[in-house]
Peer 1: 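There's a structure below that I have some questions on.
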There are 2 protein chains.
Amino acid sequence: MKSPAARKLTPQETEKLSGNCLTVKFKKGDSIIKQGTYSTNVVYLKRGLVKIHIEGPYRVQVVRIVRPPSYLGLPTTFGDKVNHYSVSAIEECEVCFIDITTFRTLLSTNSDFSNQILIELCKGELESYNKCVNRTQKQVRGKLADMLIDFSDNIFRADSFVLNITQEDIGNLVDASRESVSRVMTEFAKDGIIEMNGKSLTITDRPMLNNISRNG
Amino acid sequence: MKSPAARKLTPQETEKLSGNCLTVKFKKGDSIIKQGTYSTNVVYLKRGLVKIHIEGPYRVQVVRIVRPPSYLGLPTTFGDKVNHYSVSAIEECEVCFIDITTFRTLLSTNSDFSNQILIELCKGELESYNKCVNRTQKQVRGKLADMLIDFSDNIFRADSFVLNITQEDIGNLVDASRESVSRVMTEFAKDGIIEMNGKSLTITDRPMLNNISRNG
DNA sequence: GTAATAATGTGACATAAATCACAATAATAG
DNA sequence: CTATTATTGTGATTTATGTCACATTATTAC
């Protein structure tokens, strides 16, 4: 249950962190970090999936889905006094609110830890560059294929999973309208690429999905 | 000429950095960091503008324009062994190649420095989130207005500046075709929002530009 | 200074996907 | 269990912008 960064901490530091942090449960839909409010905490996600989302000029943009274990809100907490994005639970979640001062102390005293945090931030930025390129250059089929691959490989780590988000959310994640998402998903199902019943989804033709991701 | 992070260094550290770094000049169009090659250096941009760009599935995406002083390639150097994006000079540039080991040592010994680097990374990530939202949600007029405002406020810090990039580059920066860029720019000029002759451009109606950025 | 190449301007046309409209189904609350 | 609300499916229509084609103007190279 420890993130790569958390593994760099000494037992004493881990102890200190646990003492200075507040564990809270959130249920589906609850807001964990809210855009526009003061950013005073780093959030450590222990259990449950969350979505990071930004209020765009016309609609909400879902930046990404994050699985535990992970630190949430680093860019928004260190980058500005005010949160630039929101984080919400998409299923029951358990998180730790870590006081920013405690976190800063750890960063300055444990260079292995701060190095690991730096690496994770860098990876996040690279990923966001890539996601943005895909979002702006591919068309809906390709973007949805990308999303399904990402879910299967990185978020759920399985070919079958339960999609706890609405098609509108999916649309906001891949930059497409709710209707287009619906159309393409049924198309995928008809073509035998995925199987859906209710909220659960199985990828049945992964090679084809890879192909659509590349050429769609 | 020092970045906020560089100001956190002690005179000895600055000395050590200068000793372990190689100053190189690049001319317009030259590649400073190349996507796909091994990432072994952090680059400190001393003089000249550069563009960060990524090879997308169909065309190049210009991620952003960066002005000195600035560290380049932090995400791509710390995030992976291989560069995930390219950096090219858009005018004559002077840069320092800093060996990654030297840079790592600085990070682990000077926590003020590493904290400042962390902050800059976070700001970069927030900015890239915002840029992506704008790119995907606004239409061409709005995106171009955004770009002009960004150039005027952050890059050139003046109402008049010389645009050393082609309309194709602009298109790749704001996600539009070269032709659309041409059409909208002449439209802006016709409407008295900007004045262009050759490569030099002046913003003449900033309020209108802000307005287009908000509603376009 | 002239040829060759690159960059820009503009019209006509094609097209992916948004929007609108409404029916059908699922989820939630009382 | 029924009513209400949220979510999904699907057709018809509209629209912003990409693509193609070609003329015009800069820029670069020899």
Side-chain angles (χ1 to χ4, degrees), chain A residues 27-30 56-62 88 90-91 134-147 162-191 194-201 212 215-216, chain B residues 27-30 51 56-62 88 90-92 134-147 162-191 194-201 212 215-216:
Chain A
K27 53 184 202 301
K28 187 180 166 182
D30 284 351
Y58 296 108
R59 68 196 112 93
V60 168
Q61 162 95 54
V62 177
S88 306
I90 64 176
E91 59 187 28
N134 283 343
R135 266 202 273 254
T136 50
Q137 292 194 17
K138 288 184 182 175
Q139 44 198 80
V140 179
R141 282 169 61 87
K143 292 191 282 189
L144 275 175
D146 277 356
M147 184 202 69
V162 176
L163 257 191
N164 257 320
I165 53 177
T166 66
Q167 293 188 347
E168 186 162 7
D169 267 329
I170 295 178
N172 291 333
L173 178 60
V174 303
D175 275 292
S177 70
R178 193 216 97 214
E179 292 93 329
S180 295
V181 171
S182 172
R183 274 184 259 263
V184 173
M185 293 292 269
T186 36
E187 212 179 297
F188 281 178
K190 225 177 277 169
D191 295 352
I194 59 172
E195 256 168 37
M196 292 190 291
N197 53 338
K199 289 278 173 201
S200 60
L201 190 150
I212 294 170
N215 310 317
Chain B
K27 54 185 201 301
K28 188 181 165 181
D30 285 351
K51 64 175 175 187
Y58 296 106
R59 69 196 111 92
V60 168
Q61 162 93 54
V62 177
S88 305
I90 63 177
E91 58 186 30
E92 177 154 305
N134 283 344
R135 265 203 273 255
T136 50
Q137 292 193 18
K138 288 183 182 176
Q139 44 200 82
V140 179
R141 282 170 60 88
K143 292 190 283 190
L144 275 174
D146 277 354
M147 185 202 71
V162 176
L163 258 190
N164 256 322
I165 53 177
T166 66
Q167 291 188 345
E168 187 161 6
D169 267 329
I170 295 177
N172 291 333
L173 177 61
V174 303
D175 275 292
S177 68
R178 192 217 97 216
E179 292 92 330
S180 294
V181 172
S182 172
R183 274 185 259 262
V184 173
M185 293 292 269
T186 35
E187 212 179 295
F188 281 178
K190 225 177 278 170
D191 295 352
I194 58 173
E195 255 168 38
M196 292 190 289
N197 54 336
K199 289 278 175 201
S200 61
L201 191 149
I212 294 170
N215 310 318

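Excluded from the calculations below are hydrogen atoms, water molecules and symmetry mates; all remaining heavy atoms, backbone and side chain alike, are included.
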Peer 1: Does B:Lys199 put a side-chain nitrogen or oxygen below 4.0 Å from OP1 or OP2 of C:dT8?
Peer 2: yes
Peer 1: Pick the closest DNA chain D nucleotide for A:Met196 and for B:Val181 by heavy atoms, then say which residue is nearer the 5' end.
Peer 2: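 That would be A:Met196.
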Peer 1: State the CD1-NZ distance between B:Ile90 and B:Lys51, to the nearest 0.5 angstrom.
Peer 2: 7.5 Å
Peer 1: Does D:dG9 have OP1 or OP2 under 4.0 Å away from a side-chain N or O of A:Gln167?
Peer 2: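 True: A:Gln167 side-chain N/O within range (under 4.0 Å) of D:dG9 OP1/OP2.
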Peer 1: Nearest whole Å is fine: how far is C:dA17 P from A:Leu144 CG?
Peer 2: 10 Å
Peer 1: Begin from the C-alpha positions of A:Met196 and A:Leu163 and carry the test side-chain contact (heavy atoms from CB on, under 4.5 Å) through to its verdict.
Peer 2: CA-CA 10 Å; A:Met196 292 190 291; A:Leu163 257 191; over 6 Å; no
Peer 1: To the nearest Å, how far apart are B:Asn164 CG and C:dT8 C1'?
Peer 2: 16 Å
Peer 1: Does a nitrogen or oxygen in the side chain of A:Lys190 sit under 4.0 Å from OP1 or OP2 of D:dT10?
Peer 2: no
Peer 1: Considering only D:dG9, C:dA18, D:dT17, which nucleotide approaches the side chain of A:Ser180 most closely?
Peer 2: C:dA18
Peer 1: Rounding to a whole Å, what distance do you find between A:Arg183:CZ and D:dT8:P?
Peer 2: 14 Å
Peer 1: For A:Met185 and B:Lys28, take the nucleotide of DNA chain D holding the closest heavy atom to each; which residue's nucleotide lies nearer the 5' end?
Peer 2: A:Met185
Peer 1: Nearest to the side chain of B:Glu179, heavy atoms from C-beta on, is which of D:dA21, C:dA17, D:dT17?
Peer 2: D:dA21
Peer 1: Return the CE to CG distance between A:Met147 and A:Leu173, rounded to the nearest 0.5 Å.
Peer 2: 6.5 Å
Peer 1: Provide, to the nearest angstrom, the distance between the CG atom belonging to B:Asp175 and the P atom belonging to D:dG18.
Peer 2: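 The answer, rounded to whole Å, is 9 Å.
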Peer 1: B:Ser182 has a side chain; which of D:dT7, C:dG9, D:dG11 sits nearest to it?
Peer 2: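 Minimum distance to the B:Ser182 side chain belongs to C:dG9.
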Peer 1: Would you say a side-chain N or O of B:Ser177 is under 4.0 Å from OP1 or OP2 of D:dT19?
Peer 2: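 No, B:Ser177 has no side-chain N/O under 4.0 Å of OP1/OP2 on D:dT19.
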Peer 1: Let me know the distance between CZ of B:Arg178 and C1' of C:dG11, rounded to the nearest Å.
Peer 2: 13 Å
Peer 1: For the pair made of CD1 in A:Ile90 and C1' in D:dT7, what is the distance, rounded to whole Å?
Peer 2: 17 Å
Peer 1: Find the distance B:Gln137:CD to C:dA17:C1' and express it as a whole number of Å.
Peer 2: 15 Å
Peer 1: Quick one: which of A:Gln61, A:Lys143, A:Lys138 gives a side-chain hydrogen bond (donor to acceptor under 3.5 Å, both in side chains) with A:Asp175?
Peer 2: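 Result: among A:Gln61, A:Lys143, A:Lys138, A:Gln61 is the only option passing the side-chain hydrogen bond (donor to acceptor under 3.5 Å, both in side chains) with A:Asp175.
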Peer 1: For the CD1 atom of A:Ile170 and the CG atom of A:Leu144, what is their distance to the nearest 0.5 Å?
Peer 2: 7.0 Å
Peer 1: Ignoring the backbone of A:Gln139, work out which of C:dA17, D:dT8, C:dA18 is nearest its side chain.
Peer 2: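 Shortest atom-to-atom distance from the side chain points to C:dA17.
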Peer 1: Rounded to the nearest angstrom, tell me the gap between atom NZ in A:Lys138 and atom P in D:dG18.
Peer 2: 19 Å
